[in-house]
Asker: 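Take this structure first; my questions come after.
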Amino acid sequence: QVQLVESGGGLVQAGDSLSLSCVASGRTFSSYGMGWFRQALGKEREFVAAISASAISTYYADSVKGRFTISRDNAKSTVSLQMNSLVPEDTAIYYCATGYSSSAVRYSSAYAFWGRGTQVTVSS
């Protein structure tokens, strides 16, 4: 059974940085693409970033491009999200996800497995 466990969330001030991590287990991590999504209170879940199995391809939402960086360590079965220049609009629960494709995919419907999420709160 695939399990995803996120960590690294917290309360920070606008302009600060934060790094999220997601550890995967239950299958061969290096064969599958990974994604980060977020859901703010009262809003729908939205795509943040994705990375292919080989890490050659990455995609970002326009709202985080240039501020966030997704990376992966296949030896540690971990995907990370480095978030810089945080703004209050980044406040949300951040979810790690994976599916059955080796590609970097931005559509949530492509992801079959989800973590429980980690809360990120950015104060102004």
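Note that the numbering runs from 1 along the sequence shown for the chain. Values reported hereafter were calculated over all heavy atoms of this structure, with side chains retained and with hydrogens, waters and symmetry mates removed.
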Asker: Check the hydrophobic clustering (I, L, V, M, F, W, Y; side-chain heavy atoms under 4.5 Å; chains of links allowed) and say if W36 and Y32 are grouped together.
Answerer: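 Looking at the clustering, Y32 is in a separate group from W36.
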
Asker: Closest heavy-atom contact between S57 and A104?
Answerer: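 Shortest heavy-atom contact: O-CB, 3.8 Å.
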
Asker: With ring centroids as reference points, do Y95 and F113 lie under 6.0 angstrom apart?
Answerer: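 Between F113 and Y95, which both carry aromatic rings, the centre distance is not below 6.0 Å.
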
Asker: Quick check: closest heavy atoms across V105 and F47, and the distance to 0.1 Å?
Answerer: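 Shortest heavy-atom separation between V105 and F47 comes out as O-CE1, 3.8 Å.
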
Asker: With sequence neighbours left out, what residues match A40 under side chain to side chain contact (heavy atoms under 4.5 Å, CB included)?
Answerer: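 Counting only residues at least two positions away or on another chain, A40 forms a side chain to side chain contact (heavy atoms under 4.5 Å, CB included) with K43, A92.
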
Asker: Among residues two or more places apart or on two chains, list those pairs meeting disulfide (SG to SG under 2.5 Å) that have a residue in residues 30-124.
Answerer: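 Listed once each, the pairs are C22-C96.
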
Asker: Could you pull out all residues at least two apart from K65 that satisfy side chain to side chain donor-acceptor pair (under 3.5 Å)?
Answerer: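 Expected list: D62.
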
Asker: Tell me, which pairs form a disulfide (SG to SG under 2.5 Å) where one or both residues lie in residues 38-67, sequence neighbours left out?
Answerer: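 Counting only pairs at least two positions apart or across chains, no disulfide (SG to SG under 2.5 Å) contact touches residues 38-67.
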
Asker: Between M34 and V79, what is the shortest heavy-atom contact and its length?
Answerer: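 Shortest heavy-atom separation between M34 and V79 comes out as CE-CG1, 3.8 Å.
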
Asker: Tell me, please, which residues at least two apart from S54 pass side chain to side chain contact (heavy atoms under 4.5 Å, CB included).
Answerer: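 Applying side chain to side chain contact (heavy atoms under 4.5 Å, CB included) to S54 gives S52, I56.
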
Asker: How would you list all residue pairs meeting side chain to side chain donor-acceptor pair (under 3.5 Å) that involve residues 1-11, not counting sequence neighbours?
Answerer: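 For residues 1-11: none.
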
Asker: Kindly say whether Q82 contributes a backbone atom to a donor-acceptor pair with the side chain of R67 at under 3.5 angstrom?
Answerer: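 Looks like no, no N/O pair under 3.5 Å.
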
Asker: Restricting to pairs with a member in residues 58-77, which pass ring pair (Phe, Tyr, Trp, His ring centres under 6.0 Å), not counting sequence neighbours?
Answerer: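 Pairs touching residues 58-77 that pass the test: none.
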
Asker: Compare every heavy atom of Y100 with every heavy atom of A112, then report the nearest pair and how far apart it is.
Answerer: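 Looking at all heavy atoms of both residues, the shortest contact is CB-CE1, 3.6 Å.
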
Asker: Quick one: CD1 on I70 to CG on L20, what's the gap to the nearest 0.5 Å?
Answerer: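 Output value for this atom pair is 10.5 Å.
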
Asker: Can you list the residues that meet the side chain to side chain contact (heavy atoms under 4.5 Å, CB included) rule with A14, with sequence neighbours excluded?
Answerer: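 By the side chain to side chain contact (heavy atoms under 4.5 Å, CB included) rule, A14 matches P88, V122.
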
Asker: Report the residues that fulfil side chain to side chain donor-acceptor pair (under 3.5 Å) with S17, sequence neighbours left out, ordered by chain and then residue number.
Answerer: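 Checked S17 against side chain to side chain donor-acceptor pair (under 3.5 Å); matches are N84.
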
Asker: Tell me every residue that passes side chain to side chain donor-acceptor pair (under 3.5 Å) with S30, counting only those two or more places apart in sequence or in another chain.
Answerer: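 Not a single residue meets the side chain to side chain donor-acceptor pair (under 3.5 Å) criterion with S30.
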
Asker: Determine whether L4 and V23 make a side-chain contact, defined as any pair of heavy atoms from C-beta on separated by less than 4.5 Å.
Answerer: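 Sidechains of V23 and L4: no contact.
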
Asker: Any link between L81 and V12 through a network of hydrophobic side chains (Ile, Leu, Val, Met, Phe, Trp, Tyr) touching at under 4.5 Å?
Answerer: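 Yes, because L81 and V12 connect within a single hydrophobic cluster, where side-chain heavy atoms sit under 4.5 Å apart.
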
Asker: Quick check: do M83 and T69 have side-chain heavy atoms less than 4.5 Å from each other?
Answerer: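 No - every pair of side-chain heavy atoms lies 4.5 Å or more apart.
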
Asker: Please check: side-chain N/O of T78 versus main-chain N/O of K76, any donor-acceptor pairing under 3.5 Å?
Answerer: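 Yes; at least one donor-acceptor contact below 3.5 Å.
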
Asker: Looking only at non-hydrogen atoms, find the nearest pair between S31 and S102 and report the distance.
Answerer: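 Answer, listing the atom of S31 first, then S102: O-CB, 3.4 Å.
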
Asker: So S108 and F37, do their side chains get closer than 4.5 Å, heavy atoms only?
Answerer: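 Heavy-atom side-chain distance check passes, below 4.5 Å.
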
Asker: Once salt bridge (charged side-chain N to carboxylate O under 4.0 Å, His left out) is applied, what residue pairs with a partner in residues 10-39 remain, sequence neighbours excluded?
Answerer: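 Every pair satisfying salt bridge (charged side-chain N to carboxylate O under 4.0 Å, His left out) with a residue in residues 10-39: R38-E46, R38-D90.
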
Asker: Per the side chain to side chain donor-acceptor pair (under 3.5 Å) rule, what does the pair list look like for residues 109-120, sequence neighbours excluded?
Answerer: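 The answer is Q119-T121.
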
